[in-house]
Each structure stands twice: as C-alpha cells, then as structure tokens.
Amino acid sequence: PGDTPHQSLRSMVGLAGGFMSLSADLHAGLKRLLGQLHSPRVVYFPIRHHSPACAAHLDAWIREHRPAAVLVEGPASFAAHIPFLVDPRCRCPVAIFTSFVDAKGRLRKNTAPAAPGPTPRFGAFYPFCDYSPELVALRAGHAVGARLRFIDLEYAEMILGQSEAEPNDDEPIRLPSLADDPHLRHSIYMKELARRLGCRDFNELWDHLFETCWMTPDTDAFVDRLASYCYLARQDYTGDHLWHDGTAAREACMAALIREEMQMDNAGRPVLVVTGGFHTAALPDLVEQTEVAGSGDRATTSPVVARSP
C-alpha cells in the first residue's frame, strides 16, 4: 500500500478533509472523542470482533491496570454463561446461541392483517475463539478480580427495535453472527480509504492499519488509531439510519448500564468498556448525557425476551 501504518492516523484525518464536508467539525469531534476515552472512572476500549491485535492490547491493558469492572458488548442475559466462558476447561471455538419467537405478533402490529402463517422465528449466535477480544477481556478481567458483565440489549429487543425487521415468510431462517461488523464493512469512507491506500478491500485495509503492525504502537496509540478509524466510518450514518436499524436503542442500553457500573464503589479503579469501535465512537457522549439526565430513563433496558421451546 502507498502509506505506512505509522502515518495511518494522519492519513485517515487528512482523507476525511479531502472528501467529507465540515472537516473542521470532524477534527473537533475526533479530538473530543480521543479526550473522552480514558478517565479515572471509565476507560473505553474500541475493538473489532475477532481481532488478535485488539485482543493482545486488551489483555495487556487489563492485567496492568486491573479495572474494577469489565463490561463487554453482548446481550445482558449472556452473563449467565460467563462462568463457563472463563473456566479453564472451556475449549474454543465456542458460541452462545440465542433466539426470538414473535408469538405475540409484535413485528406485525403496524401492518395490515395478514393471512395466518408460520410464527416468525429469529436466531443468532455469538462466536468466540481464543483471540476474540471479548473473551480475552472476560478471562483477563476474571484473573484480576473484576466484575464481569455483558451490556447490550437482549436479542429479542434488538429484533423488535429494528424497523426493517418485518419477517418474510418466504425466506429461510438465517442465523447471523452478533459479532459482525456491518457498519464498518459498508462504510463509504472505509472503501475510499482502502482505495487511496492501495488496499483491495475492507479486510486488507484493516490488516494494513492494525494487525500487521500491532506491536509497533503502544496501547494508547493503538486505541487512538482505532477510535479515529471508527469515528470517521460513523460519519456515513445519519441518526435516522441508526434509529431504524436498532443501533441507537442498543447504544442507549449500553450507556445506561455503563453509568450503573460507574456508580458502584469501585475503590478508585476504572470501569473498562469493551465494545465494537463503531459503538465506542458514540458511547462517551451518551454516558455523559445519561449522567446529566439521571437514572430515570431506563426503558431500553427492560427485558422483552421470548425464547423458543
């Protein structure tokens, strides 16, 4: 590629100014985000799912700084599986399966009555391997005595929160991964950055910027680079888009649970938040807004779970 990993942050910001409007606002927003990632009370660690580079930096950070709590992206009810995931006898790869059966027809509530048909069913899985950053965070957190918690909406809530989740009875049942990176993969900015750096696609761009040089930057520099990457990718998406695809509801839930953990007696140790970088770019502001608003608004975290028998 035409640029080196050491120049990547400058390239990312410069490229944003080259084909995005409001580049001054982009610079200001990015500077603000980078200043919010690390504080005595909370540390935000952006990751890409299944990234060995993220996992290595995350493991080192946790063992050095010994956070009071490690909060990981994933449905909150998955907490019941944490003892099994951190057990030394757990052999990867493993996955947690989750499902939702719309027995009450809630997805069709705003549509015209339809002829009786099969009850809509949805399923997904959350895969883990030994170098999955989420699993590494849980294991390292367990080793240092941190509280461990998943902080995302339940799978049923994710489905109900998507305006486009109306099922098509003619389609086969799909089993998507909850560890996918659709927003980054489909970012116009990332596609253009790949082209300008001489990379063939999103995956090669990622390897160039993060995996092949993971030992070169220290962890703080690695986190800043990754947060910058995800912040700029997020500029492709409007608030309406993130509302309709359910992202806004998920991030509101994460922010509320982060605030809940920050209010615990953490003995001067920070709360570590491990989420996909796309969410990290929004969570610090959301957490601050939740703090100002108080703890009254928790509607997004109420359980709405329906499981197949």
Side-chain angles (χ1 to χ4, degrees), residues 33 36 42 44 46-47 49 71-79 96 98-111 120-126 134 149-167 174 176-187 230-231 233-263 271 273-307:
L33 172 64
Q36 294 172 307
V42 61
Y44 298 92
I47 61 164
H49 305 292
L71 312 183
V72 175
E73 178 184 338
S77 64
F78 284 7
I96 301 174
T98 183
S99 63
F100 167 53
V101 180
D102 187 27
K104 297 182 179 179
R106 284 170 286 182
L107 290 170
R108 301 184 187 274
K109 63 183 179 180
N110 295 322
T111 63
R121 295 173 179 266
F122 300 85
F125 66 101
Y126 198 143
E134 299 91 337
R149 187 173 185 178
F150 286 102
I151 57 170
D152 207 342
L153 287 178
E154 302 299 346
Y155 180 61
E157 294 175 302
M158 294 182 194
I159 295 296
L160 293 172
Q162 297 174 14
S163 64
E164 64 268 30
E166 173 67 23
R174 294 174 297 151
S177 168
L178 296 181
D180 199 5
D181 301 290
H183 294 100
L184 296 182
R185 190 177 303 278
H186 298 131
S187 165
C230 295
Y231 172 84
R234 196 175 172 104
Q235 304 311 307
D236 287 350
Y237 298 91
T238 65
D240 283 344
H241 182 106
L242 298 177
W243 176 263
H244 287 296
D245 73 6
T247 299
R250 293 179 59 199
E251 291 173 346
C253 174
M254 294 181 200
L257 296 182
I258 292 166
R259 282 295 312 155
E260 188 174 288
E261 288 292 327
M262 290 172 63
Q263 292 166 356
V271 171
V273 180
V274 180
T275 63
F278 190 85
H279 302 303
T280 304
L283 284 173
D285 278 344
L286 288 174
V287 170
E288 289 184 9
Q289 293 165 13
T290 305
E291 183 173 14
V292 171
S295 58
D297 288 332
R298 290 290 303 282
T300 56
T301 64
S302 61
V304 186
V305 179
R307 301 184 187 278

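Residue numbers run from 1 in the order of the sequence given.
Every ring pair (Phe, Tyr, Trp, His ring centres under 6.0 Å) that Phe278 has, sequence neighbours left out, goes to His183, Tyr237. Take Asp285 and apply the side chain to side chain contact (heavy atoms under 4.5 Å, CB included) test, not counting sequence neighbours, and it matches Arg32, Gln36, Glu288, Gln289. For Ala76, the side chain to side chain contact (heavy atoms under 4.5 Å, CB included) partners two or more places apart in sequence, or in a different chain, are Glu154. Applying the side chain to side chain donor-acceptor pair (under 3.5 Å) criterion to Arg234, with sequence neighbours excluded, gives Glu251. With sequence neighbours left out, Tyr44 forms a side chain to side chain donor-acceptor pair (under 3.5 Å) with no residue at all.
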Full working for side chain to side chain contact (heavy atoms under 4.5 Å, CB included) between Glu73 and Ile151 = CA-CA 6 Å; Glu73 178 184 338; Ile151 57 170; 5.5 Å; no
Apply the test side chain to side chain contact (heavy atoms under 4.5 Å, CB included) to residues Thr98 and Leu178: give CA-CA distance (whole Å), side-chain angles for both, the deciding distance (0.1 Å), then the verdict.
-> CA-CA 10 Å; Thr98 183; Leu178 296 181; 4.1 Å; yes
Show the numbers, then the answer: is there a side-chain hydrogen bond (donor to acceptor under 3.5 Å, both in side chains) between Asp240 and Thr238?
-> CA-CA 5 Å; Asp240 283 344; Thr238 65; 5.3 Å; no
Quick one: do Phe125 and Ser177 satisfy side chain to side chain contact (heavy atoms under 4.5 Å, CB included)? Show the steps, please.
-> CA-CA 5 Å; Phe125 66 101; Ser177 168; 3.7 Å; yes
Please walk me through it: do Leu257 and Leu71 pass side chain to side chain contact (heavy atoms under 4.5 Å, CB included)?
-> CA-CA 9 Å; Leu257 296 182; Leu71 312 183; 5.9 Å; no
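The closest side-chain heavy-atom distance from Arg149 to Val72 is not below 4.5 Å.
Classified by interplanar angle (parallel below 30°, tilted 30° to 60°, perpendicular above 60°), the ring pair Tyr126/His49 is perpendicular.
In plain terms, the two heavy atoms of Pro46 and Gly277 that are nearest each other are CB-CA, 3.7 Å.
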